[in-house]
Amino acid sequence: MVGQQKKPEVKNRKLITFTNPKSRVSEQFRTLRTNIHFTSPDGDIRSLVVTSASHSEGKSTTASNLAIVFAQEGKRVLFIDADMRKPTMHYTFNIANTRGLSTVLSRQIALKMAIQPAEIKNLDLLPSGPIPPNPAELLSSNHMDFLLEHALDTYDLLIFDTPPVLSVTDSVILANKCEGTILVVNSGKTEKAYALKAKEAITTATKARLLGAVLNNVKVQQESDYGQYYGVEG
């Protein structure tokens with residue numbers, strides 16, 4: 001049918017807000033979206049970093065679904081894979097990763113040439129691009145500031161999926177450049193000490209603003225295959 005929105009060929013369990021928008025998990029992401037709105041009553045948050053304390057806590061899945069629910073709200077969203085060490089966006093959305101953030105920041109290609117449309121209304125994607133030898137230096141460069149300024153001329157919201165905050169400095173660098181940061185914590189895995197260290201790393205950064213935490217993998221009543229997934233904590 002002409003004009004019918006085609007579902008992207010992705011790992012459906014990861015993009016549940018698109019493949020199953022009426023699920024309890026999708027509602028939790030919409031709640032998270034609302035809570036983010038409440039953190040800035042005088043104006044919308046326009047640039048957002050999503051990170052975690054360590055690997056395998058669900059930050060990339062959280063960032064992906066958060067980008068989708070904001071796009072579903074009607075905002076023009078650019079979702080950026082700023083994890084130039086272990087990128088995942090191109091797998092999740094089934095897109096090419098031959099060009100992206102790394103090639104833009106190294107001035108090999110213009111931003112508009114690296115952005116790819118998602119088959120989800122209002123959502124565009126900027127994958128990581130080839131893994132560079134110096135991710136932190138690229139993110140802290142003046143060209144990163146230019147990218148932010150230029151992208152905000154076109155998009156209502158930029159969402160960055162970044163590396164774990166305790167592993168490398170990339171997340172803190174971007175947290176200093178963006179308006180807010182969300183910390184993803186796996187309730188069944190993350191030790192309290194690591195979560196507190198991650199919080200401290202963000203809050204002690206010069207300009208970073210921690211909006212809250214997403215408590216992942218919370219035990220809730222079973223609902224299909226998604227019975228234990230996301231809870232939201234401001």
Side-chain angles (χ1 to χ4, degrees), residues 32-33 35-67 70 75 77-89 100-102 104-105 111 126-129 132 134-152 155-186 190 193-216 232-234:
L32 176 58
R33 180 186 66 194
N35 288 346
I36 291 171
H37 283 313
F38 283 153
T39 65
S40 185
D42 296 327
D44 291 336
I45 295 287
R46 299 201 61 203
S47 54
L48 184 65
V49 167
V50 180
T51 188
S52 60
S54 57
H55 292 288
S56 302
E57 298 199 54
K59 69 170 179 62
S60 295
T61 301
T62 299
S64 299
N65 283 282
L66 193 56
F70 272 109
K75 292 187 181 297
V77 179
L78 178 61
F79 181 34
I80 302 168
D81 192 346
D83 190 342
M84 292 185 285
R85 301 170 191 270
K86 293 185 177 180
T88 61
M89 175 191 291
L101 182 61
S102 63
V104 173
L105 294 181
L111 175 61
L126 179 61
S128 70
N134 56 342
E137 287 81 358
L138 290 178
L139 293 174
S140 61
S141 67
N142 291 333
H143 206 55
M144 182 69 224
D145 296 332
F146 175 79
L147 184 152
L148 278 165
E149 182 180 355
H150 184 65
L152 287 170
Y155 295 94
D156 300 313
L157 176 63
L158 312 179
I159 296 181
F160 293 86
D161 179 16
T162 66
V165 69
L166 297 182
S167 300
V168 290
T169 61
D170 304 20
S171 298
V172 175
I173 291 170
L174 275 177
N176 268 317
K177 294 177 180 288
C178 295
E179 295 180 9
T181 300
I182 296 292
L183 178 65
V184 178
V185 177
N186 189 327
T190 309
Y194 287 111
L196 291 174
K197 286 181 180 179
K199 176 184 177 182
E200 182 180 2
I202 297 167
T203 56
T204 56
T206 306
K207 298 179 181 179
R209 179 187 175 202
L210 181 63
L211 301 182
V214 174
L215 191 59
N216 182 20
V232 180
E233 180 177 292

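Note that the coordinates shown come from a computational prediction; the quantities given were computed from them, not determined experimentally.
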Under the 3.5 angstrom rule, does the side chain of [X] hit a backbone N or O of [Y] as a donor-acceptor pair?
| X | Y | value |
| --- | --- | --- |
| Ser102 | Ser128 | yes |
| Thr162 | Val50 | yes |
| Arg46 | Leu157 | no |
| Asp81 | Asp83 | yes |
| Thr51 | Leu183 | no |

Query raised in the report: Taking C-beta and beyond as the side chain, do Lys177 and Ser47 meet within less than 4.5 Å on heavy atoms?
Result: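 Side-chain contact under 4.5 Å: no.
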Requested in this report: Measure the shortest side-chain to side-chain distance between Ile45 and Arg209 over non-hydrogen atoms and say whether it is less than 4.5 angstrom.
Outcome: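 Yes; the side chains approach each other to less than 4.5 Å.
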**Report entry** By side-chain contact (heavy atoms from CB on, under 4.5 Å) - contacts of Ala175 (at least two apart)
**Finding:**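 Here the qualifying residues are Thr181, Ala208.
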Report task. List for me each residue that meets side-chain contact (heavy atoms from CB on, under 4.5 Å) alongside Lys197, sequence neighbours excluded, and say none if there are none. Result ->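 Checked Lys197 against side-chain contact (heavy atoms from CB on, under 4.5 Å); matches are Leu166.
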Specify the closest pair of heavy atoms between [X] and [Y], including all atoms of both residues, with the distance to one decimal.
| X | Y | result |
| --- | --- | --- |
| Asn216 | Gly58 | ND2-CA, 3.7 Å |
| Val168 | Pro163 | CG2-CB, 3.6 Å |
| Phe160 | Met144 | CE2-CE, 3.7 Å |
| Ala82 | Leu101 | CA-CD2, 3.7 Å |
| Leu211 | Ile182 | CB-CD1, 3.9 Å |
| Ile36 | Leu48 | CD1-CD2, 3.9 Å |

Query raised in the report: Which salt bridge (charged side-chain N to carboxylate O under 4.0 Å, His left out) pairs, counting each pair once, include a residue from residues 163-172, with sequence neighbours left out?
Result: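 Listed once each, the pairs are Arg85-Asp170.
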Report task. Report the residues that fulfil salt bridge (Lys or Arg N to Asp or Glu O under 4.0 Å) with Asp161, sequence neighbours left out, ordered by chain and then residue number. Result ->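 Residues passing salt bridge (Lys or Arg N to Asp or Glu O under 4.0 Å) with Asp161: Lys59.
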**Report entry** Pairing residues for Lys199 by the salt bridge (Lys or Arg N to Asp or Glu O under 4.0 Å) criterion, not counting sequence neighbours
**Finding:**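 By the salt bridge (Lys or Arg N to Asp or Glu O under 4.0 Å) rule, Lys199 matches no residue at all.
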Working to the nearest 0.5 angstrom, can you tell me the gap between [X] [atom1] and [Y] [atom2]?
| X | Y | atom1 | atom2 | result |
| --- | --- | --- | --- | --- |
| Thr39 | Asp44 | OG1 | CG | 9.5 Å |
| Met89 | Ser64 | CE | OG | 6.5 Å |
| Ile173 | Glu137 | CD1 | CD | 7.5 Å |
| Asn186 | Thr62 | CG | OG1 | 9.5 Å |
| Asn176 | Leu139 | CG | CG | 12.0 Å |
| Leu158 | Leu174 | CG | CG | 10.5 Å |

Query - Phe70: partners by ring pair (Phe, Tyr, Trp, His ring centres under 6.0 Å), with sequence neighbours left out - result: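 Phe70 satisfies ring pair (Phe, Tyr, Trp, His ring centres under 6.0 Å) with His37 only.
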